[in-house]
K.L.:
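Just dropping this structure here.
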Amino acid sequence: MYQHRATKTKAGLAAIAFLLITLVPMWGTLHAWLDQENVLVEKAAGSDAMNLAVAFDVHVQSVVRFVDTLTQDLREHAVKDRNDFGRIVKEELVLYGNMVAQVALISPEGMLVYSSLAPAFGAVDLSGRDHFRAHRDNPSKDKLFISKPVFGRVSGIWSIQFTRPVIEGDKFLGVVVVSIPMSFFSDFYKKINVGANGLIALVGMDRVPRAVASKDSGAINFGELLLLKSAPYFVKEALPEGLYRGVSAFDGSESLTAYRRLEDAGLVVLVQLSPEDYLMSSGKRHRVLIFCASAVTILLLSFALLIYATVWQHLKDAKALKQAHKTLRELVNVDILTGALSRSHFLEVLEKEFRDSESCGTKLSLILIDIDYFKQVNDTYGHPIGDIVLKQVVAVCCAELRAHDSFGRLGGEEFGVILPCTDGASALGIAEKLRLAIESSKISTSKGLVRVTVSMGVAFALPSGDTPSKLVVRADDALYCAKQAGRNRVCSARGNDDASQVTTMSTNDS
Ligand SMILES: Nc1nc2c(ncn2[C@@H]2O[C@H](COP(=O)(O)OP(=O)(O)OP(=O)(O)O)[C@@H](O)[C@H]2O)c(=O)[nH]1
C-alpha cells in the first residue's frame, strides 16, 4: 500500500515538474508582456490627452481674446455712440452668427438698459450678478470678467458672460456684456473624439464648470455643480499643466486627465480619457492571448495527466519486474524440496563467509554431509518416502544449528554446513552433534518409521594460502574417508589438500 502511494507520488511529481517547466515560463512571459503593453498604451493615452489639452488651451485663449476684443469694441461704442448702439450691435452680430447669444448693457445701478435679444424689455435688475458686482466694486480695474454659466432671464439659455466695465475717467457708467452660449464650447468639443467615456471640460478656477462635452454632459446642472477643491488643477502651487490618473471630479470614474491652467482667464482646460476606452483594443487582444494561453494550459494539463499515467504504469511495471526478479532469485537460491540453500547459492555464501572470515581470525569451518545408503531407502520405500527422509534430515540439522550458520543441499542426498567464526575443534563438535541427532531421529512416513545415518567430512580454513574451493575439496576428502571408514561417522581434514591427512573423529563402531 505504501509502495503503491510512493509510486503515485513519483508519477505526480513528474507531472508537476512538467507543468512547472512549461506553465510557469509561459504565464510569466505573458503576464510581463501584458503589463508592458498596458504601460505603453497608458503612456500613449497620456500623450494624446496632453496634446488635446494643448489644442484646447490654444482654442480657448483665442476665443477669449476674440470675445474680449469684441467686448472692448462694443464698450467704446456704448460710450461714444450710445444712441446708435443698437444698430451697431446688430451689424456686429451678423458677423458673429451663433457665437454670440446676446449683447447687453447694464446701468451703474445694475438695471438692464439694453439687450440685443429684447430691445423692448421691462425692468430687469442685474445688480446681483457676479460680473456686475465685480466691476462696480472695482471700477478702477478694467479687466475682462468671465462669469460662471448663468441662465439668462432674457435669453432663456445657459451662457457664459464676458464683461468689461464702462468707465469714463473715474466714473463707473455700467457694464457691457457679451454672452457666449455654453453650447458654443460644448458643441465644438463634442466634435473631438475622446472616446465613449471621455470628457472635455472648461472649468473656472472658482471650481464651476463653464462647458463640458461628454456622454453625460446633458445631465450636468451647471447651476449647482461645484468640483472638488482637491482636484490638482485647482491647486495654484501646482504646475500650470499636468497629467494625472485618478477619480474624475465629474463622474467619479477612474480616468486619465490632462489639464492646462489659463492663469489670466481664470480657467482650466481638462481632457479626461477613460481607461475603459483607451485600453479597449489592447484589452481585446489580451483576452484573445489569455484565451489561447488557457487553451494551451488545458492541453499541457492533459499532457501532464498522460505523463502521470505513463510514469505511474512504468514505475508499477518496473516494481513488478523487480519483485519477479526477487522471487526468481529466491527460487534459485533455495532448494525447492528441502528448503535448504541451493548448491549455487551455498557456494556464493561460502565465498562471502570466506572473505569475511579474515575479520575474525580466519575461523571458518565447513561440514559436508552425505546420507548413508540412501539408494536403499529409495529402493525399499520408494522415491516419495526418500523425499520425506531428505526433508527430515534437513529439518533435524537446521534445528541444531545457529542462526548465522548456513545449510545447503549440494546435490542428491549430499548437504553442506558453513560455520562462520568456528575453529576445527568446535566444528567437529557440531558435526558430531548433528550425526547423533540424525542417527537418533525416527522419521515417520506412510510406510512406517525410517531411520538413517550420515557420514560427515569436516574441514577448516587455513590461515594462509587457502581458498573456498580448496576447503570444499578437503571437506569432501574427509567425507570420502568417513564413507570408506564404514559410514555413520565424522572425519576431519587435518589442514592440507592431501586426502591421506584425514582423521576419523567419531564413529558408531563402538
Ligand atoms: N528420493 C530422492 N532420492 C534422490 C534424490 N536425489 C538423489 N536421490 C537418490 O540418492 C541415491 C544416491 O545413491 P548413491 O549415490 O549410490 O549413494 P548411497 O546409496 O547413499 O550410498 P553411499 O553414499 O555410498 O552411502 C540415488 O538412488 C539417487 O536416486 C531426491 O531428490 N529424492
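Just follow the structure's listing: the first ligand is 1, and inside any ligand the first atom is 1. Just so you know, these numbers come straight off a predicted model, no measurement behind them. We're numbering straight along the sequence, starting at 1.
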K.L.:
Quick one: pull up CZ in Arg261 and CG in Leu270 and give me the separation to the nearest 0.5 Å.
P.N.:
11.0 Å

K.L.:
Compute the shortest N/O to N/O distance between Phe374 and ligand 1 and return yes if it is under 3.5 Å, no if not.
P.N.:
yes

K.L.:
Considering all heavy atoms of both residues, which atom of Ser248 and which atom of Ser255 are nearest to each other, and what is their separation?
P.N.:
CB-OG, 3.6 Å

K.L.:
Considering Thr338, Ile336, Asn378, Asp370, which one's heavy-atom position lies nearest to atom 9 (C) of ligand 1?
P.N.:
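Ranked by closest heavy atom to atom 9 (C) of ligand 1, first place is Asn378.
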
K.L.:
Within a distance under 4.0 Å of any heavy atom of Leu390, pick out the atoms of ligand 1 and give their elements.
P.N.:
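Those atoms are 2 (C), 30 (C), 31 (O), 32 (N).
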
K.L.:
Can you tell me the protein heavy atom closest to atom 6 (N) of ligand 1 and the distance?
P.N.:
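The closest one turns out to be Gly412 CA, 3.3 Å.
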
K.L.:
Is the shortest side-chain heavy-atom distance between Leu299 and Phe303 below 4.5 Å?
P.N.:
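No; the side chains remain at least 4.5 Å from each other.
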
K.L.:
Distance under 4.0 Å to a non-hydrogen atom of Ile371: what atoms of ligand 1 satisfy this?
P.N.:
20 (O), 23 (O), 25 (O)

K.L.:
Which atoms of ligand 1 sit under 4.0 Å from any heavy atom of Gly386?
P.N.:
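Those atoms are 1 (N).
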
K.L.:
Any idea which atoms of ligand 1 are less than 4.0 Å away from a heavy-atom of Asp372?
P.N.:
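Answer, ordered by atom number: 25 (O).
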
K.L.:
For ligand 1, is there an N or O atom under 3.5 Å from any N or O atom of His383?
P.N.:
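Between His383 and ligand 1, an N or O pair is found under 3.5 Å apart.
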
K.L.:
Among the heavy atoms of Arg409, does any lie under 4.0 Å from an atom of ligand 1?
P.N.:
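For ligand 1, residue contact (heavy atoms, under 4.0 Å) with Arg409 is present.
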
K.L.:
Using 30° and 60° as the class limits, which term best fits the ring planes of Trp158 and Phe151: parallel, tilted or perpendicular?
P.N.:
perpendicular

K.L.:
Among Lys375, Glu413, Lys483, whose heavy atom sits nearest atom 17 (O) of ligand 1?
P.N.:
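Comparing heavy atoms across Lys375, Glu413, Lys483, the nearest one to atom 17 (O) of ligand 1 lies in Glu413.
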
K.L.:
Can you name the atoms of ligand 1, numbered from 1 with element, that are less than 4.0 Å from a heavy atom of Arg487?
P.N.:
22 (P), 24 (O), 25 (O)

